[in-house]
Structures are given as structure tokens and as C-alpha cells.
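Heads up, the thing below is written out as C-alpha cells.
Chain identifiers are assigned alphabetically (A, B, ...) following the order of the sequence lines, protein sequences preceding nucleic acid strands; residue numbering begins at 1 within each chain. These numbers were taken from a predicted model, which means no experiment stands behind them.
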There are 2 protein chains.
Amino acid sequence: MVGGVLDGKRFAVHTLLLIRKMARKISMADVARQLNVSPATVSYVLNGREGTLVSDRTRERVLEMAQQMGYRPNRAAQVLAGKRSNVIELCVNGFNPAFYGQVIHAFQNQFVANPYQLRIVNPDYTREGDWPFVGNDWPMDGLIISDAYFPESIAPSLAYPGAHIVSKLGVPIVSTGIFAITDIDYVRVDLVPAIEAALRHLAANCKRIAYVSLWPAHTEAENSDPRYPAYQRIVREFGLKEELIVTYDSRDVPLREFTRATVRKYIEENGCPDGIFCYNDERAIATLAAVRDLGLKVPEDVRLIGCDGIEENTYHNPPLSTIQYPFDEVARLAWEFLNRRIEEPEIPMQSATLQAELVLRESSG
Amino acid sequence: MVGGVLDGKRFAVHTLLLIRKMARKISMADVARQLNVSPATVSYVLNGREGTLVSDRTRERVLEMAQQMGYRPNRAAQVLAGKRSNVIELCVNGFNPAFYGQVIHAFQNQFVANPYQLRIVNPDYTREGDWPFVGNDWPMDGLIISDAYFPESIAPSLAYPGAHIVSKLGVPIVSTGIFAITDIDYVRVDLVPAIEAALRHLAANCKRIAYVSLWPAHTEAENSDPRYPAYQRIVREFGLKEELIVTYDSRDVPLREFTRATVRKYIEENGCPDGIFCYNDERAIATLAAVRDLGLKVPEDVRLIGCDGIEENTYHNPPLSTIQYPFDEVARLAWEFLNRRIEEPEIPMQSATLQAELVLRESSG
DNA sequence: TTGAAAGCGCTAACAG
DNA sequence: CTGTTAGCGCTTTCAA
């Protein structure tokens with residue numbers, strides 16, 4: 001058991017009462033002073049500099065004392081003094097946990113045994129007078145944006161939102177997702193062909209195809225998303241009627257419960273469509289529950305297709321058809337692009353467009 | 001469109017080529033120099049100090065220039081200079097995404113319209129020679145630990161692990177979860193009564209009760225968890241035989257797939273238990289799928305109970321019985337404790353123990 | 001092999 | 001009302 005007093009700070013003392021008083025962390029200077037060496041020496045040792053800058057004897061003493069005193073580096077100070085932060089920020093919209101859970105997981109897999117650390121943040125849409133802000137002003141060496149959404153009404157004057165952000169953040173950025181900004185390095189996912197295929201698949205057997213959407217038709221948000229326009233196109237192509245079941249996305253309402261109730265109500269009032277396409281898989285899962293609540297069967301009474309390709313789909317009964325977002329490939333490419341730009345800032349723009357794929361399972365018949 | 005050159009740094013220029021060169025962010029000094037005022041003045045304005053420290057005219061000019069130049073504060077520097085970081089770290093084990101997703105979500109709800117920002121981190125079990133480390137050395141004003149797991153074999157010498165961490169981190173900590181450290185402020189969740197109730201419920205109707213576990217029996221990890229000992233107790237009480245189906249938890253294996261395959265194999269080789277208790281809900285969901293794969297029915301052939309109480313449970317068919325972890329209450333209390341300790345460091349220890357509750361749904365008959 | 005000192009961007013006390 | 005200055009913890013160059 002180690003304990004002691006140092007400049008009025010107590011360290012490594014095994015009683016809660018004493019520890020409460022200790023507001024400050026141990027600094028390099030503390031360690032240095034204890035050993036009668038200079039802070040620089042401690043820095044050399046703790047940074048594991050190569051060569052014989054420091055004698056073995058000193059190195060040993062420093063290491064031991066740092067450990068004993070419970071020294072922890074102050075990363076903020078390190079960065080201020082010019083070290084790399086070794087942090088990559090991943091900015092994801094916090095809503096739709098299942099989808100973003102898989103996005104995060106896919107990126108985390110890129111960061112195992114990787115000198116960089118991944119820091120997850122959410123975009124800040126509240127900063128008024130500013131743009132939908134990404135990054136939280138803590139040091140980072142690079143930023144990955146997943147589906148930054150910049151509708152005209154939020155950022156009317158930003159002709160080049162990506163470049164804009166780069167200029168303010170001063171670090172490389174890669175934009176990813178179906179809303180990828182395309183004036184900086186990006187990995188875009190194209191949903192359209194798969195959505196069209198999904199809807200055609202439904203249209204081949206259905207008389208009424210409904211769309212469980214995020215926003216009402218004719219709103220800007222709804223139309224800047226690729227799903228609704230594709231739905232509209234195919235429904236027209238097959239001479240069917242548009243049926244939108246609107247289910248908002250918000251932190252205040254438990255999404256699945258809300259969707260389940262909304263869909264149930266819609267079916268009770270309007271009868272049951274024999275095909276339903278959903279904005280995402282979470283809504284498809286809630287729709288499946290709603291349909292079951294009413295004693296109806298999937299796919300016999302309603303054919304169902306979702307979007308995203310979350311793992312959960314294959315655990316439902318029946319397993320859910322979906323449009324598969326290429327989580328791993330997006331993460332792999334995004335990190336490859338970002339890493340390369342960090343190493344060689346001057347290389348030309350890097351970009352890729354991946355196709356989402358329709359995966360048919362039992363829920364669509 | 002704004003653009004210009006300043007000390008060789010270009011700012012807010014609308015072409016990618018130019019922006020690529022701009023590695024540094026705009027600093028307060030940059031803004032000050034441009035305006036021929038002192039950095040301190042800029043600092044006053046940007047920190048919105050009260051009173052008439054700065055003339056309206058100056059304030060206006062500073063604000064406009066900062067905006068134009070795209071100034072963003074350097075939080076690391078602010079903290080180093082003595083400001084609060086306004087960051088609270090939440091440390092969660094990254095595995096078991098569904099459970100931790102809900103933990104995180106519950107905490108995030110405590111931080112809306114809260115001056116503090118929540119930063120999610122994972123514990124670092126890789127730092128050898130050290131203890132299972134929480135916190136990542138970036139500035140923070142407080143730390144919430146969710147289920148820090150400190151088995152004796154990992155931290156043999158730490159008689160007071162909680163106090164130990166406090167002493168090294170120098171910020172208030174609240175420990176939460178079923179493994180809550182209890183020598184510092186904590187919110188503990190007691191699973192035992194609910195687990196026993198669950199197992200008794202199964203035992204009332206079953207001849208063979210299996211436990212889908214994390215580790216093999218007799219391992220230290222398995223026995224330091226409350227589930228297995230409770231299972232053992234009840235199985236003995238009812239004169240039944242122990243049946244463990246071991247399903248490891250690792251980043252390398254997709255958990256559900258692995259569990260599904262393992263359970264299926266177990267049933268094929270050993271016949272089907274008529275009651276299964278699972279370590280967590282994800283395993284219960286995978287078990288449900290495995291049972292279905294074999295043409296068996298829940299609850300007719302097998303009664304099934306999971307643990308955690310994730311939202312997904314109610315969307316499965318049949319809905320899954322579970323032991324409900326009080327996500328919201330844990331988050332609420334933890335934040336209350338932490339906030340109070342930040343404001344008044346000297347108050348006596350705060351603690352609470354919450355009871356998890358058995359929630360019976362169709363899967364258990 | 002080690003120490004002294006400057007400086008990173010910012011805040012806050014103090015001086016003018 | 002505004003500027004000067006010291007210092008936060010650390011890295012790194014230069015000197016000893």
C-alpha cells in the first residue's frame with residue numbers, strides 16, 4: 001500500500017475521506033519533483049523515446065514513481081503541445097438506434113489494433129446561426145460523418161457544405177451514407193435501384209402498396225430522401241394509389257411503440273394494404289407487430305419489406321426482407337480514405353459509390 | 001462568399017484545393033489580430049461575460065469577425081486554462097449492443113437540456129500492469145461507470161478499486177450496474193430475487209431447466225456473476241440437474257449467430273430442455289430462433305426467460321419474458337449522485353440499490 | 001545524459 | 001473599457 005503527501009496533494013491513499021480532498025491529478029512535474037529530475041526527462045521516459053536519451057537507471061526510477069503515484073497523462077495538454085490526438089471522430093445521428101448501432105459497430109471493427117481511437121459524437125442541430133454542426137471542438141485528427149443531412153432549408157447558403165466544414169475544423173473529413181456530401185472525400189450508398197426492385201417485387205403481387213414513411217408527402221425532408229420519390233415512381237408505374245403511413249422520428253417518442261400504434265390505427269381505419277414498404281427495419285419490425293396485433297399474417301395477408309439490413313431482421317418470425325446497407329464496406333472504405341488523407345493531405349479527391357442490395361426473406365412472400 | 005488570407009492561413013475559401021492546404025484552425029489570436037484588439041477582449045466577448053466589460057461596438061465587431069473567419073474554440077486549451085470541460089464520461093462495456101444501447105439511451109435522456117455533454121467510452125482491459133482502466137485521459141468533470149467488472153484475478157491487489165480510480169482520475173465517479181463498486185457513490189442493481197423468481201417459475205412446470213451462460217461452470221467469471229449461482233441454487237432446490245449451454249461473448253464472433261448455432265447443436269445432441277433461462281435477452285432471442293429452427297415451439301415445447309429487459313423483447317413472437325433492468329432509474333439516480341458530488345464534493349457517500357423485476361410474457365407460458 | 005526554456009490556445013487577475 | 005501577463009501540463013529544441 002502506497003500513500004503520501006506531495007505539495008499538499010495526497011496520492012494513492014486508501015481511504016475515501018482523504019481521496020475526496022484530492023481534486024487534482026498527478027502531473028509530470030509532480031513525478032519529476034519527487035525524483036529530483038526535470039519534467040523533460042519524465043516526458044522522454046513516458047513517451048518511450050528511442051535511443052539512449054535517458055539512462056536505464058533514471059528510466060527505471062521514473063517509470064516506477066509514475067506508476068506508484070498513479071500518473072496519468074493529460075491528453076489535452078499533450079495535444080496543445082503539438083502531439084497528435086490519435087482520435088478520429090465518428091459523427092452519427094443518434095436516432096434509430098439499431099441502424100446506428102451497426103454503423104458504429106462496423107467502424108469500431110476498423111479500429112481494433114489501430115493506433116487511433118474512435119470517438120462517437122452526434123451532430124448538433126441546435127447551434128443557431130451556424131450550420132448543422134459536426135464535431136465538438138475537442139481535438140481530433142480526422143472526422144467521419146455518417147449521413148449528415150443538409151437540406152436546403154437548414155443550410156440555404158452553403159454551396160459547398162463539405163468544404164465549409166473542412167475549413168472550420170481544419171482536419172480531414174470523410175462523408176459517408178446515403179446523404180454523403182460529395183465535394184469532399186466520400187463513400188456514398190445508393191439505395192435507389194434496390195428500392196425500386198423491392199417495390200417492383202411487391203407490385204408484382206399486390207393491389208395496395210403502402211409506405212411507412214418518416215415525413216408527410218410534399219415536405220422537403222421527405223422528398224430529399226431517396227425512398228419516397230422511388231415509391232412514388234413505382235406506384236405510378238403500376239397504376240396504384242399512394243398510401244403513406246407517417247411515423248415521425250423523435251427522441252421523445254419510443255419509435256417502435258409509436259409506429260406500431262400508428263400502423264395498427266391506419267389498418268383499422270383503412271383496411272389492410274397487401275404490401276408495405278417501410279422507411280427502415282425498425283419500422284418494419286413494428287409494422288410486423290402491428291399486423292400480428294390485428295390477427296393478420298405476414299406474408300399471407302401483407303407482404304413486408306424494410307430497409308437498412310440490421311441483424312435483428314433474421315431473428316423475427318417471419319424473417320424480414322430488407323434493403324441491405326453495406327455497413328462493413330462503408331466503414332472499411334471510409335477509414336481507408338481518411339487514413340490516406342491524413343498521411344498524404346495533397347492527394348486528389350477520393351470517392352466511392354456502393355449499391356445497397358435487396359435481400360428477400362419470408363416476409364415478402 | 002467570404003475568403004481571404006491571414007498569416008499564411010487561408011480561411012473560408014470556397015474551393016477544395018485551397019482548403020486542403022489549411023491545416024490549422026482559426027484561433028482567438030487570429031481574430032484579435034485582424035481586429036487590432038487583444039486576445040483577452042475576444043475571449044471576454046466569446047465567453048459572453050456579464051456586465052459592460054466590453055463596449056457594444058467592440059463586441060459586435062468581434063462576434064462578426066469570429067463568425068466570418070469560422071472561429072471555433074479549442075476545448076483542450078480552454079480546459080488547460082482552467083475552465084470546466086462540461087464533459088461527463090459514461091464508461092460501458094462495448095459488448096452486448098442491445099443492452100448497452102439502452103443503457104446509453106437512458107443516460108442520454110438525462111443529458112438533454114443539460115449543460116454537460118455525455119461522452120461514451122469503453123473500458124480498456126488491455127493496459128497491462130495497470131488495472132482495467134476506465135477513462136481515456138481526456139478532460140472530464142465526472143465519470144459514470146456502467147458495470148465495471150473487477151474480478152479478483154484481474155485486480156488482485158486492489159482492496160479498494162473504486163477509491164483507487166477516484167484517486168487516479170481526480171474527478172467524481174459514480175459506479176452503476178450489477179457489478180457496481182461499492183466503496184464510492186454507487187447505484188447497484190440486484191438481480192438475485194428476480195432471477196430466483198424466474199427460475200422457480202420455470203421449475204414449477206419443467207423437468208429440465210438449462211442455463212444459456214457466458215462462461216463454463218466453475219470459472220471465476222461465471223461464479224462472480226449473480227446468475228449462475230442463483231441457477232445452481234434453484235436447480236438444487238428442486239432436485240433438477242444442471243445443464244449449461246456455454247456461449248462466449250467476444251468481438252470476433254457475431255453473438256446471436258454463435259448462440260443460435262450453439263443452442264441448436266446442444267438440443268440436437270441432448271434433446272430439448274423444457275425450460276431455458278438465458279444470461280441475457282440477446283441470447284434468449286437467439287435461443288428462440290434456434291428452437292424455431294428445429295421445429296419446436298415456445299412456450300409449448302420450451303419455456304424461455306431472458307435477462308435485461310431490452311425493448312426488442314416485446315416485438316418477438318412470442319414476446320419474451322425477462323428480468324427487467326431499471327435503465328431509466330439507474331441513469332436518473334446516477335446522474336443525480338454525480339451532479340451533487342460535483343457541486344458539493346464533501347457530502348457523505350451516496351448509494352442506492354434497485355431491484356430488477358421479473359416480467360412474465362408469453363415465452364414462459 | 002540531463003536541464004532550461006519556449007510555446008501550444010486559452011482564461012483570468014491585474015494594470016492602465 | 002481594453003491590454004498585458006502569468007500560467008494550465010506537456011513536448012521539444014537547444015544548451016550544458
Ignoring backbone atoms, test whether [X] places a side-chain nitrogen or oxygen under 4.0 Å from the OP1 or OP2 oxygen of [N].
{"X": "A:T41", "N": "C:dT1", "value": "no"}
{"X": "A:S27", "N": "D:dC8", "value": "no"}
{"X": "A:S43", "N": "D:dC10", "value": "no"}

Whole angstroms only, please: what is the [atom1]-[atom2] distance between [X] and [N]?
{"X": "B:D137", "N": "D:dC10", "atom1": "CG", "atom2": "P", "value": "10 Å"}
{"X": "A:L35", "N": "C:dT1", "atom1": "CG", "atom2": "P", "value": "17 Å"}
{"X": "B:I26", "N": "C:dC10", "atom1": "CD1", "atom2": "C1'", "value": "16 Å"}
{"X": "A:M28", "N": "C:dG3", "atom1": "CE", "atom2": "P", "value": "14 Å"}
{"X": "B:L80", "N": "C:dG7", "atom1": "CG", "atom2": "P", "value": "17 Å"}
{"X": "B:R61", "N": "D:dC1", "atom1": "CZ", "atom2": "P", "value": "15 Å"}
{"X": "B:D30", "N": "C:dC10", "atom1": "CG", "atom2": "P", "value": "8 Å"}
{"X": "B:R57", "N": "D:dT2", "atom1": "CZ", "atom2": "C1'", "value": "15 Å"}

| Using the C1' atoms of five pairs at each end, what's the angle between the two axes of the helix from C:dT1-D:dA16 to C:dG16-D:dC1, to 10 degrees? | 50°
| remark: Note: A:V174 and A:A334 closest approach over all heavy atoms is CG2-O, 3.8 Å
| task | Look at all strands and tell whether A:V79 reaches a base, only sugar-phosphate, or nothing, counting heavy atoms closer than 4.0 Å. | result | nothing
Side chains of [X] and [Y]: do they bring a donor and an acceptor to under 3.5 Å?
{"X": "A:Q117", "Y": "A:R75", "value": "yes"}
{"X": "B:Q350", "Y": "B:R340", "value": "yes"}
{"X": "B:Y44", "Y": "B:R59", "value": "no"}

| Residue whose closest nucleotide on DNA chain D lies nearer the 5' end, A:A29 versus B:N36 | B:N36
| query | Which sits closer to the 5' end of DNA chain D, B:A40 or B:A81, going by the nucleotide each is nearest to? | reply | B:A40
| field | A:D137/B:N74 under side-chain contact (heavy atoms from CB on, under 4.5 Å): CA gap, chis, key distance, verdict | value | CA-CA 6 Å; A:D137 299 325; B:N74 180 330; over 6 Å; no
Among [options], which nucleotide sits nearest the side chain of [X]?
{"X": "A:A77", "options": "C:dG3, D:dG9, D:dG3", "answer": "D:dG9"}
{"X": "A:N74", "options": "C:dG3, C:dT11, D:dG9", "answer": "D:dG9"}
{"X": "B:N47", "options": "C:dC10, C:dT11, D:dG9", "answer": "C:dT11"}
{"X": "A:S55", "options": "C:dC10, C:dT1, D:dT11", "answer": "C:dT1"}

| message | Looking at B:E336, is its backbone amide N or carbonyl O close enough to the side chain of B:N339 to form a donor-acceptor pair, meaning the two atoms are under 3.5 Å apart? | response | no
| task | For residues A:V45 and A:L63, determine if any side-chain heavy atom of one lies less than 4.5 Å from a side-chain heavy atom of the other. | result | yes
| field | Under-3.5 Å donor-acceptor pair between A:Y71 side chain and D:dG9 base | value | no
| Aromatic ring pairing B:W335/B:F111, orientation class (parallel under 30°, perpendicular over 60°, tilted between) | tilted
